[in-house]
Number of protein chains: 4
Amino acid sequence: MSKEFQSSKPIYMQIVDQVVIDILQGKQKSPEKLPSVRDMAVKMGVNPNTIQRAYGELERMNVVETRRGQGTFVIENNALLEDIKLSLQEEIIEDFINKMNKIGVKQTEIITQVHHFLNRGI
Amino acid sequence: MSKEFQSSKPIYMQIVDQVVIDILQGKQKSPEKLPSVRDMAVKMGVNPNTIQRAYGELERMNVVETRRGQGTFVIENNALLEDIKLSLQEEIIEDFINKMNKIGVKQTEIITQVHHFLNRGI
Amino acid sequence: MSKEFQSSKPIYMQIVDQVVIDILQGKQKSPEKLPSVRDMAVKMGVNPNTIQRAYGELERMNVVETRRGQGTFVIENNALLEDIKLSLQEEIIEDFINKMNKIGVKQTEIITQVHHFLNRGI
Amino acid sequence: MSKEFQSSKPIYMQIVDQVVIDILQGKQKSPEKLPSVRDMAVKMGVNPNTIQRAYGELERMNVVETRRGQGTFVIENNALLEDIKLSLQEEIIEDFINKMNKIGVKQTEIITQVHHFLNRGI
DNA sequence: GTGGTCTAGACCACA
DNA sequence: GTGGTCTAGACCACG
């Protein structure tokens with residue numbers, strides 16, 4: 001992996017999102033160990049301080065815990081993960097609705113179109 | 001306006017999308033004149049060649065016509081605009097579904113969630 | 001081969017024509033690989049961007065397909081090639097008629113003269 | 001008029017052709033006076049020596065005569081003009097046939113196609 | 001290696 | 001002024 005970040009969000013928040021998505025997808029199972037700050041920094045092509053900040057934020061969010069001398073570990077906390085999932089979901093839906101409005105699709109149409117799209121792939 | 005583009009799509013395609021959206025929204029009425037290549041380049045903070053390419057693509061799509069020494073003009077063609085709107089819509093929906101799947105929202109859930117979001121704003 | 005282009009047509013269109021003619025003549029069989037953008041640029045004595053543009057146009061015409069990191073390949077499509085041949089032919093005939101008119105040869109005379117020329121070579 | 005010459009033929013020969021065509025088309029009637037070497041040089045955007053050479057060639061061809069202190073005049077000589085017309089015509093036809101062969105049009109087809117083209121414009 | 005995109009800056013034709 | 005073409009050189013993603 002290398003540098004590929006949106007300009008809008010701070011990089012460290014994008015890394016937070018990425019780690020959370022990895023956990024939600026099961027790429028990072030709990031209570032598994034995350035890559036070290038240094039390894040992650042190389043992997044993401046950013047400064048170790050940025051990773052440090054991301055891990056700090058994840059700890060503040062109660063998603064991971066750091067154990068002195070051992071590393072950073074995913075916390076088993078399904079309720080919290082569910083909350084995070086919901087807020088990510090809300091963000092995605094909002095963005096989606098905005099884009100649809102932007103090209104002039106009325107709200108009543110949106111549901112219909114999503115239905116069509118999903119049923120087409122059956 | 002200044003530099004603010006996604007990293008995924010080529011800039012010239014993002015400009016194409018933008019112009020199409022402006023037309024769909026009536027910001028660019030037909031047969032109105034688009035900003036000149038040079039003006040648009042300044043406005044968007046990109047190289048004139050990039051605008052040239054975008055305008056060329058729009059001409060190829062039959063959305064605008066260019067008149068040598070005069071400028072680039074929107075073509076009246078509602079049927080075509082409707083087609084383009086549909087394909088933009090499809091692209092947006094597909095992107096939306098992908099993102100939702102990525103965070104682990106099942107397809108049956110997606111409809112429900114969109115419903116909830118839309119009804120909340122009433 | 002080196003720089004030797006007409007001044008009237010854009011160079012990239014002349015390259016497009018040349019590639020099409022090579023395919024029609026069987027110099028470029030399908031699905032053969034065209035020279036890389038850089039090699040072709042050296043061969044034709046032009047800038048790689050000009051070749052890129054020509055290959056892009058050929059792809060838009062469905063004459064070739066490009067595979068990222070692999071190269072540009074001729075597509076098997078005899079019907080399309082026949083269409084292109086017809087439009088090239090029309091262009092050549094129109095140019096011919098214009099030149100003949102320019103030196104004052106009447107249309108009824110043109111047929112006769114072409115006949116004479118062809119029969120002379122028997 | 002300005003610089004616009006093919007790369008294949010010497011510029012002075014292209015000017016010779018141009019003058020002959022002008023005469024054939026009646027733009028230069030005989031026994032009219034041609035522009036002075038200096039004027040023609042400016043008009044064609046070339047060095048006066050090049051025009052001088054072209055006029056010399058035209059004189060050698062017996063198409064014009066130069067009268068000391070008066071200028072260069074078209075010679076009334078219909079037979080010669082007819083000859084020149086024929087050789088120009090031959091050149092054009094040969095070029096035409098070559099191009100048609102190049103894209104794979106058989107000689108028997110050529111006549112048919114020219115017919116089609118001419119009758120279409122009726 | 002491949003093709004694809006972008007910038008910087010030039011020159012052209014047309015009006 | 002306008003759009004259209006071309007060069008030179010850079011960086012990117014993909015394989």
Side-chain angles (χ1 to χ4, degrees), chain A residues 1-7 45, chain B residues 2-19 31-61 63-75, chain C residues 2-19 31-61 63-75, chain D residues 1-7 45:
Chain A
M1 210 169 293
S2 58
K3 301 175 208 174
E4 188 180 337
F5 299 99
Q6 297 174 10
S7 49
Chain B
S2 58
K3 300 176 208 177
E4 189 179 334
F5 298 99
Q6 298 173 10
S7 51
S8 46
K9 263 195 188 182
I11 292 176
Y12 80 91
M13 281 306 296
Q14 297 183 47
I15 293 170
V16 165
D17 287 351
Q18 188 54 57
V19 172
E32 205 172 295
K33 186 176 172 299
L34 293 181
S36 83
V37 169
R38 287 162 185 80
D39 288 352
M40 194 64 138
V42 171
K43 189 178 160 195
M44 307 292 274
V46 300
N47 187 284
N49 278 332
T50 304
I51 302 294
Q52 186 78 276
R53 198 167 177 182
Y55 280 15
E57 180 67 14
L58 284 165
E59 181 166 34
R60 207 188 60 70
M61 291 163 69
V63 173
V64 303
E65 66 175 333
T66 64
R67 302 180 202 146
R68 197 63 161 258
Q70 298 184 53
T72 304
F73 300 82
V74 178
I75 291 179
Chain C
S2 58
K3 300 176 209 175
E4 190 180 332
F5 298 100
Q6 299 173 10
S7 51
S8 47
K9 263 195 186 180
I11 293 177
Y12 79 92
M13 280 308 296
Q14 297 183 47
I15 293 170
V16 165
D17 286 351
Q18 188 55 55
V19 172
E32 204 172 297
K33 186 177 171 298
L34 292 181
S36 82
V37 170
R38 287 162 184 81
D39 287 354
M40 195 62 138
V42 172
K43 188 178 161 195
M44 308 290 276
V46 300
N47 188 283
N49 278 331
T50 304
I51 302 295
Q52 187 77 276
R53 197 165 177 183
Y55 280 15
E57 180 66 15
L58 285 165
E59 181 165 34
R60 207 187 60 71
M61 290 164 69
V63 173
V64 304
E65 66 176 332
T66 64
R67 302 179 202 146
R68 196 69 160 255
Q70 297 184 54
T72 304
F73 300 83
V74 178
I75 291 179
Chain D
M1 210 170 292
S2 59
K3 302 175 208 175
E4 188 181 335
F5 300 99
Q6 297 175 10
S7 49

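Letters A, B, ... mirror the listed sequences (proteins, then strands); counts begin at 1.
- Phosphate contact (OP1/OP2 of dG3(F), side-chain N/O of T72(B), threshold under 4.0 Å): present.
- Side-chain contact between Q18(B) and Q14(B) is absent, with no heavy-atom pair separated by less than 4.5 Å.
- Within the model, atoms CZ of R53(C) and CZ of R60(C) stand 11.5 Å from one another, a figure rounded to the nearest 0.5 Å.
- Residue I15(B) comes nearest to A54(B) through the heavy atom pair CG2-CB, 3.8 Å, listed as atom of the first residue, atom of the second, then distance.
- At the phosphate of dG4(F), OP1 or OP2 sits under 4.0 Å from a side-chain N or O atom of Q52(B).
- Of the candidate nucleotides dC6(E), dA13(F), dT2(F), dA13(F) has the atom lying nearest to any side-chain atom of R68(C).
- Smallest separation of non-hydrogen atoms from L34(B) and Y55(B): CB-OH, 3.6 Å.
- The shortest distance between the side-chain N/O atoms of R67(B) and the OP1/OP2 oxygens of dG3(F) is not below 4.0 Å.
- What separates OH of Y12(C) from P of dC6(F) is a distance of 7 Å, to the nearest Å.
- Rounded to an integer number of Å, the gap from CZ of R38(C) to P of dT5(E) is 14 Å.
- No side-chain heavy atom of V19(B) sits under 4.5 Å from any side-chain heavy atom of V63(B).
- Annotation: side chain of T72(C) is not in contact with side chain of M40(C) (no heavy-atom distance under 4.5 Å).
- The CD1 atom of I51(B) sits 15 Å away from the P atom of dT5(E) (whole-angstrom rounding).
- Contact annotation: T66(B) side-chain N/O to dT2(F) OP1/OP2 distance is not under 4.0 Å.
- Side-chain atoms of M44(C) and T50(C), non-hydrogen and from C-beta on, never get closer than 4.5 Å to each other.
- For S36(C) and dG1(E), the shortest distance from a side-chain N or O to OP1 or OP2 is not below 4.0 Å.
- Take the nearest nucleotide of DNA chain E for D39(C) and for Q70(B): the residue whose nucleotide is more 5' is D39(C).
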| task | Dot-bracket for DNA chain E, please, read 5' to 3', with Watson-Crick or G-U wobble pairs under 3.5 Å on both distances, ( ) within the strand, [ ] crossing, | other strand, . unpaired. | result | ||||||||||||||.

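- Distances were taken from every side-chain heavy atom of N47(C) (C-beta onward) to each of dC6(F), dA8(F), dT7(E); the shortest belongs to dA8(F).
- The nearest whole Å value for the distance from the CZ atom in R53(B) to the P atom in dC6(E) is 7 Å.
- A sub-4.0 Å separation between OP1 or OP2 of dG3(F) and a side-chain N or O of Y55(B) is absent.
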